[in-house]
Amino acid sequence: MRLSVLLLVVALLCHGGGGGGGGVAASTDFNFPAAFNFGDSNSDTGGRVAAGFESIFPPYGSTFFGGPAGRFCDGRLIVDFLMEAMDMPLLNAYLDSLGTPSFRTGVNFAQAGCSITPANPTSVSPFSFGLQIKQFFAFKDKVTKLLSKGDMYRRYIPQEDYYSEGLYMFDIGQNDLAGEFYSKTEDQVIASIPTILLEFETGLKKLYDQGARKFWIHNTGPLGCLPQNIALFGKDPSQLDELHCVAKHNRAAKLFNLQLHALCTKLRGEFAGASITYVDIYTIKYSLIANYSRYGFEHATQACCGYGGPPLNYNGDVPCGQTKSLNGKLVTAKGCSDSTEFVNWDGIHYTEAANFHIASQILTGKYSDPPFVDKMPFVIKPRF
């Protein structure tokens with residue numbers, strides 16, 4: 001029911017959006033032949049599972065896909081809803097070679113656990129942003145060679161002009177900040193932000209130099225509101241903010257976003273002919289958590305799938321969908337009966353219902369710089 005209502009809201013917003021459009025019904029500014037996504041678990045559509053690093057079990061994927069679908073969610077991610085809103089197929093993971101995947105309209109290089117900065121021996125994933133960029137170039141090179149062989153593969157791979165006309169999407173940086181807090185002080189984490197963003201800028205420039213012109217960059221969300229971080233860093237109530245989120249994590253996230261926004265502004269002046277859209281995911285997610293009941297949710301920072309019960313229902317030793325021995329007793333982290341009541345899915349990631357809400361807010365355009373609600377009117381044909 002909630003998804004249907006939200007769908008109607010999105011359709012109305014997007015059909016009526018664009019006060020400066022002068023009656024224009026649609027715009028090619030939001031019409032891309034392909035999308036290339038780079039990121040972490042927030043937009044991983046199967047990369048980590050395909051790489052063999054991890055398996056995920058039911059109830060992952062149960063809300064939409066009928067079972068685990070490579071996503072760390074009960075259903076679709078923000079990137080899935082954005083692709084559907086653009087009337088495009090869901091993105092296949094670069095490493096997923098099974099199920100006859102088609103990469104004609106894009107490819108997803110995102111990997112759960114990855115960071116912007118290069119991986120080290122203790123990193124959750126070796127697929128850092130720089131490595132994802134290298135994978136993109138390997139992909140492009142292989143596609144170029146296949147296209148030169150005739151029409152046999154054309155229905156499965158991007159055409160040559162798709163790279164300059166396609167949308168390049170980024171949702172990464174969360175693990176750089178969250179991971180640092182395990183061994184560093186807040187000041188040290190904040191001091192590392194310029195280095196993180198320099199690595200990000202280097203990757204963006206490499207993509208620009210090879211022809212990328214349309215960039216869609218999500219900032220990072222309120223890390224301190226994730227049950228995982230509240231459980232580990234929020235035992236002292238004085239460390240929590242008014243929403244019972246870990247204050248230092250959110251402060252670092254906001255400072256990261258300020259500098260990321262400044263970087264986007266700077267690159268607009270350096271990337272001739274490029275469009276760079278900065279999307280304020282933090283404000284959307286924090287507002288959702290602060291006003292969860294207004295949006296029809298019943299739990300803001302309690303995991304739907306977890307172990308331990310309220311207030312967080314999260315135990316890092318018992319991941320969602322798994323059975324572990326805890327104090328000599330076998331326990332299972334089970335899913336809740338109705339995931340649409342929860343903002344958080346497994347202590348780290350959001351539910352499909354929350355992801356749909358976030359995507360619907362993104363598509364209003366008012367959380368973006370530049371705000372495309374006035375400058376880039378378009379018509380959405382949802383296929384949800």
Side-chain angles (χ1 to χ4, degrees), residues 27-40 42-43 78-79 82 86 106-110 114-118 127-137 139-140 161-177 190-221 252-284 362-363 365-376 378:
S27 169
T28 55
D29 288 336
F30 214 78
N31 182 24
F32 308 101
F36 306 97
N37 187 73
F38 305 82
D40 52 33
N42 289 309
S43 60
I78 295 169
V79 67
L82 294 180
M86 292 187 287
V107 59
N108 192 359
F109 300 93
C114 80
S115 57
I116 293 175
T117 51
F127 292 95
S128 65
F129 182 54
L131 187 51
Q132 291 182 27
I133 298 293
K134 289 181 179 179
Q135 289 178 325
F136 169 81
F137 284 120
F139 173 83
K140 184 181 178 185
D161 61 341
Y162 285 15
Y163 298 102
S164 59
E165 298 297 326
L167 179 65
Y168 291 75
M169 308 171 73
F170 307 86
D171 192 333
I172 193 168
Q174 175 172 312
N175 293 319
D176 293 89
L177 298 178
I190 291 170
S192 71
I193 292 174
T195 300
I196 297 169
L197 290 179
L198 180 60
E199 186 73 19
F200 187 59
E201 180 180 2
T202 299
L204 294 181
K205 286 183 175 178
K206 288 179 179 178
L207 291 172
Y208 175 80
D209 289 341
Q210 66 80 39
R213 290 296 180 268
K214 299 173 176 66
F215 299 85
W216 181 277
I217 301 172
H218 289 183
N219 70 11
T220 200
K254 286 190 283 189
L255 287 171
F256 175 88
N257 292 338
L258 280 172
Q259 294 182 47
L260 176 62
H261 194 185
L263 173 62
C264 291
T265 302
K266 185 188 84 162
L267 292 180
R268 286 193 194 103
E270 298 179 0
F271 287 4
S275 65
I276 301 174
T277 301
Y278 169 88
V279 186
D280 187 6
I281 294 293
Y282 185 99
T283 295
I284 298 173
I362 291 172
L363 292 170
K366 63 184 179 180
Y367 294 97
S368 297
D369 178 25
F372 58 80
V373 66
D374 291 325
K375 299 181 180 179
M376 289 168 42
F378 58 92

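Shown here are the side-chain contact (heavy atoms from CB on, under 4.5 Å) partners of Lys205, two or more places apart in sequence or in another chain: Glu201, Leu267, Glu270, Phe271. Partners of Asn257 under the side chain to side chain donor-acceptor pair (under 3.5 Å) rule, at least two apart in sequence or in another chain, do not exist in this structure. Contacts of Lys254 classified as side-chain contact (heavy atoms from CB on, under 4.5 Å), with partners at least two apart in sequence or in another chain: Tyr282. Legend: residues meeting side-chain contact (heavy atoms from CB on, under 4.5 Å) with Ala34, ordered by chain and number and at least two apart, are Phe36, Tyr162. Legend: residues meeting salt bridge (charged side-chain N to carboxylate O under 4.0 Å, His left out) with Asp161, ordered by chain and number and at least two apart, are absent.
Arg268 places a side-chain N or O within donor-acceptor distance of the main-chain N or O of Ile276, the cut-off being under 3.5 Å. Without hydrogens or angle criteria, Asn219 side chain to His261 main chain gives no donor-acceptor distance under 3.5 Å.
Closest approach of Ala110 to Asp40, counting heavy atoms only: CB-O, 3.8 Å. The two residues Leu263 and Leu197 come nearest to each other via the heavy atoms CD2-O, 3.9 Å. The minimum heavy-atom distance linking Lys206 with Phe137 is given by the pair O-CZ, 3.5 Å. For Phe129 against Leu204, the heavy-atom pair with the smallest separation is CE2-N, 4.3 Å. Scanning both residues, Ala272 and Tyr208, for their nearest heavy atoms gives O-OH, 2.6 Å.
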Using distance only, find each side-chain donor-acceptor pair of residues 170-177 under 3.5 Å and give its atom names and separation, not counting sequence neighbours.
| unit_1 | atom_1 | unit_2 | atom_2 | d |
| --- | --- | --- | --- | --- |
| Asp171 | OD2 | His218 | ND1 | 3.1 |
| Gln174 | OE1 | Asn42 | ND2 | 3.1 |
| Asn175 | ND2 | Cys114 | O | 2.7 |
| Asp176 | OD1 | Ile116 | N | 2.6 |
| Asp176 | OD2 | Ile116 | N | 3.2 |
| Asp176 | OD2 | Thr117 | N | 3.1 |
| Asp176 | OD2 | Thr117 | OG1 | 2.8 |

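Lys214 has a carboxylate O that lies under 4.0 Å from a charged side-chain N of Glu165, or vice versa, which qualifies the two as a salt bridge.
Proximity of the aromatic rings of Tyr168 and Phe136 is defined here by a centroid distance below 6.0 angstrom, and this criterion is met.
Contact annotation: the side chain of Leu82 approaches that of Leu363 to within less than 4.5 Å [non-hydrogen atoms, C-beta and beyond].
Classified by interplanar angle (parallel below 30°, tilted 30° to 60°, perpendicular above 60°), the ring pair Phe109/Phe139 is perpendicular.
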TODO: Mind running side chain to side chain contact (heavy atoms under 4.5 Å, CB included) on Asp369 and Cys264 for me, showing each step along the way?
DONE: CA-CA 9 Å; Asp369 178 25; Cys264 291; over 6 Å; no

